[in-house]
There are 2 protein chains.
Amino acid sequence: MNIPEGYDPRAFEPFAVTVDLAVLTVRSGRLHVLLVQRGQEPYAGTWALPGGFVLPRESAGAAARRELAEETGLSDATVAGLHLEQLRTYTEPDRDPRMRVVSVAYTALVPDPPEPRGGGDAAEARWLPYDEVPALAFDHDRILADARERVGAKLEYTCLATAFCPPEFTLGELRQVYETVWGVPLDRPNFRRKVLTTPGFVEAVEGPPRRTGGRGKPAALYRAGEATALHPPLLRPEGRSA
Amino acid sequence: MNIPEGYDPRAFEPFAVTVDLAVLTVRSGRLHVLLVQRGQEPYAGTWALPGGFVLPRESAGAAARRELAEETGLSDATVAGLHLEQLRTYTEPDRDPRMRVVSVAYTALVPDPPEPRGGGDAAEARWLPYDEVPALAFDHDRILADARERVGAKLEYTCLATAFCPPEFTLGELRQVYETVWGVPLDRPNFRRKVLTTPGFVEAVEGPPRRTGGRGKPAALYRAGEATALHPPLLRPEGRSA
DNA sequence: TCAAAAGTGTTAGTTCTACACCCATGC
DNA sequence: GCATGGGTGTAGAACTAACACTTTTGA
C-alpha cells in the first residue's frame with residue numbers, strides 16, 4: 001500500500017462512513033421498500049433510504065443491523081434473524097454535498113410487512129410500492145435499483161427467496177416471491193417440483209396441512225432448509241431482467 | 001439518516017478509506033495473484049494485496065484503477081480496458097492496528113501475465129500461484145478467498161471468462177480459464193458447442209484460422225461478444241465450489 | 001509415424017415446459 | 001354449485017453428458 005511515512009489520520013479531510021439500507025418486502029403481490037422522509041437539509045422533505053453513520057468502534061454490518069432495528073421498530077431478536085447482506089459501496093466524491101461520505105449499502109429482506117414505527121429519531125418511515133417510489137435523496141435511486149437487480153438475480157441461483165417468507169410458509173407464498181420480484185407468472189406445478197427436488201431448499205413441517213389465505217385447498221407448510229445455493233438454478237423465463 | 005445536528009466531520013475519529021485489489025490471472029494453467037511485499041509496519045515483510053488510500057477527490061473505482069496501473073506498470077490505456085469490479089467492503093474496526101480503515105476491495109482480471117515492475121513506490125510486486133499464497137497481511141486472506149469464490153461463481157452465469165483472455169483468443173484458451181478457476185476438466189466438444197450457441201458470448205474473427213499454440217491443429221480465433229450474461233448458465237460439474 | 005489439440009457427430013439420459021386433471025375449501 | 005388455489009401426472013421439446021471419430025499440426 002502507498003502509506004505515506006508517518007501518515008497522520010487527520011492530515012486529510014476525513015471521510016465519513018455511513019450505511020444505507022434497501023429494505024425490501026413482498027406485500028400483497030407487490031414489492032415494497034422501506035423509506036424515510038428526511039427531516040433536514042440537504043434534501044429535507046425528500047424520501048430516502050434509511051441509514052446512518054457507522055460509529056467509531058462498529059463494523060458496517062453492525063451499523064446496518066442497528067439502523068434496521070431502529071427504523072423498523074422490531075425487536076433485536078427479530079432483526080437478528082433477518083437477511084441482511086452487503087450490496088455495494090458508493091464512493092462518488094460529490095454524492096453528499098456537505099462532505100465526503102462513503103456509503104456501504106445493504107440489502108435487507110423482511111418477511112412480513114410490519115408497519116414501521118416512525119423511527120426513534122427522525123421523520124416518517126413508510127413502506128412504498130417499488131414502482132411508486134419517487135425520486136430519492138442523494139444517489140439512493142441508484143442504490144435501490146442495484147438492490148432490486150441483485151435480489152432478482154440471486155433468486156435464480158440461491159435460496160434467498162425464503163428470506164422474504166415467515167418461518168413457516170406455503171409453496172404458494174414462496175412462488176409469489178418469485179413472481180413478484182421477477183414480474184412474471186410461473187407455472188405452479190413446475191415450480192413446486194423444482195423446489196421440492198432441490199435438496200435443502202425447503203423442508204416439510206410435520207403435522208396436518210394447515211391453511212394460509214382465504215379460499216382454496218389448505219396448503220402444506222415448509223421451513224427454509226439448510227441449503228444456500230441452488231444447483232441447478234431456477235432460471236427466470238426468457239432471461240429477462242424485469 | 002441519523003445526522004447529528006450541526007454534524008462536524010472532525011468531531012469523530014476519522015475513517016481512512018483504502019482500496020485493496022485482488023488481481024487475478026491465468027498463467028500456464030494455474031490461477032495467479034498479484035502480491036506486493038510490504039515495506040513498513042505493520043506487517044513489514046509480509047505479502048499483501050496491492051492497494052492504497054483513496055484520495056480526497058477520487059472515487060474508490062478511480063483509486064483502484066490508479067493503483068492497478070501503478071502496481072502492474074501497464075499503460076493507462078491498457079489498464080482502462082481491464083476488467084475491474086467492486087468485490088466487497090471490509091469494515092471490521094480492528095482490521096488495521098493503526099487506525100480505523102475501511103477498505104473497498106476490487107477484483108481485477110488480467111489477460112496476459114506481464115511481469116510487474118516493482119511498483120513506483122514500495123517493495124517487490126510478484127505473481128504467485130493461488131495455492132502457494134502464504135498468510136497475508138491484515139484480512140487480505142479473506143479478501144482473496146472472497147474474490148476467488150466470486151469469480152468462480154460468476155463464470156457460471158456471466159461472460160466474465162473472456163476478461164482473462166487477450167483481445168483475440170481460441171476456444172481452448174477460454175476453456176482453460178474455466179478449468180483453471182474451477183479446478184475441473186471440461187469436455188471439449190460440449191464446451192465448444194455451449195459457447196458457440198450462446199448468442200453474444202464470442203464472435204468469430206475473420207480470416208484464416210491461425211494460432212498454433214505449439215502442437216496440434218491450429219485453432220480459430222474469437223473475440224469477446226456483446227453479451228454480458230449467460231442464459232442459460234454454464235454450470236460447473238457437481239455444483240462444487242473448488 | 002506419433003502425440004496433441006481442434007473440430008464434428010451421435011446417442012442416451014435428464015431436465016424443462018406446457019398442459020390436463022383431480023382435490024379441498026370458502027362463499 | 002362454483003371459484004380459487006393446492007397437488008399429481010404426463011408427453012414432447014430442449015438440453016446435457018459421454019464418448020467415438022476425423023483433421024491438422026509439430027516433432
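Every chain is numbered from 1, with letters handed out A, B, ... down the list of sequences.
The aromatic rings of W182(B) and Y178(B) sit perpendicular, their planes meeting at an angle over 60°, well past the 30° parallel limit.
In terms of phosphate contacts, R188(A) brings no side-chain nitrogen or oxygen within less than 4.0 Å of OP1 or OP2 of dG5(D).
Rounded to whole Å, the distance from CG on L230(B) to P on dC15(D) is 13 Å. Rounded to an integer number of Å, the gap from CG of L196(B) to P of dG9(C) is 13 Å. The interatomic distance linking R236(B) (CZ) with dA17(D) (C1') rounds to 18 Å, in whole Å. Nucleotide dG7(D) holds its P atom 12 Å from the CG atom of L174(A), rounded to whole Å. Straight-line distance from the CZ atom of F169(A) to the P atom of dG5(D): 20 Å, rounded to whole Å. Straight-line distance from the CG atom of L234(B) to the P atom of dT16(D): 9 Å, rounded to whole Å. Here dA18(D) presents its P atom at 16 Å from CZ of F191(B), a figure rounded to the nearest Å.
With contacts defined as side-chain heavy-atom distances shorter than 4.5 Å, the pair P237(B)/L186(B) qualifies.
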When you compare the protein's N or O atoms with those of nucleotides 13-20 of chain C, which come within less than 3.5 Å of each other, and at what distance?
{"unit_1": "dC16(C)", "atom_1": "OP1", "unit_2": "K194(A)", "atom_2": "NZ", "d": "3.3"}
{"unit_1": "dA18(C)", "atom_1": "N7", "unit_2": "N190(A)", "atom_2": "ND2", "d": "2.8"}
{"unit_1": "dA18(C)", "atom_1": "N6", "unit_2": "N190(A)", "atom_2": "OD1", "d": "3.0"}
{"unit_1": "dA18(C)", "atom_1": "N6", "unit_2": "R193(A)", "atom_2": "NH2", "d": "3.2"}

Taking only nitrogen or oxygen atoms into account, show me every contact under 3.5 Å that the protein makes with nucleotides 2-4 of chain D, one pair per line with its distance.
{"unit_1": "dT4(D)", "atom_1": "O2", "unit_2": "G216(A)", "atom_2": "N", "d": "3.3"}

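At a threshold of 4.0 Å, the pair E132(A)-R30(A) counts as salt-bridged, since one of the basic side-chain nitrogens sits closer than that to a carboxylate oxygen.
Without hydrogens or angle criteria, T46(A) side chain to A137(A) main chain gives no donor-acceptor distance under 3.5 Å. Between the side chain of R236(A) and the main chain of G152(A), a donor-acceptor pair closer than 3.5 Å is present. Between the side chain of R27(B) and the backbone N or O of H32(B), no donor-acceptor pair lies under 3.5 Å.
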Show me, pair by pair, the donor-acceptor contacts under 3.5 angstrom made by side chains of residues 191-201 of chain B, not counting sequence neighbours?
{"unit_1": "R193(B)", "atom_1": "NH2", "unit_2": "N190(B)", "atom_2": "OD1", "d": "2.9"}
{"unit_1": "K194(B)", "atom_1": "NZ", "unit_2": "P232(B)", "atom_2": "O", "d": "3.4"}
{"unit_1": "K194(B)", "atom_1": "NZ", "unit_2": "P233(B)", "atom_2": "O", "d": "3.4"}
{"unit_1": "T197(B)", "atom_1": "OG1", "unit_2": "R193(B)", "atom_2": "O", "d": "2.8"}
{"unit_1": "T197(B)", "atom_1": "OG1", "unit_2": "K194(B)", "atom_2": "O", "d": "3.3"}
{"unit_1": "T198(B)", "atom_1": "OG1", "unit_2": "K194(B)", "atom_2": "O", "d": "2.8"}

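Counting only N and O atoms by type, the side chains of D146(A) and Y90(A) include a donor and acceptor under 3.5 Å apart.
Listed candidates were dG7(C), dG7(D), dT25(C). Nearest to the side chain of R192(A) is dG7(D).
Both tests hold for R148(B) against Y130(B): distance to the six-membered ring centre under 6.0 Å, angle to the ring axis within 45°.
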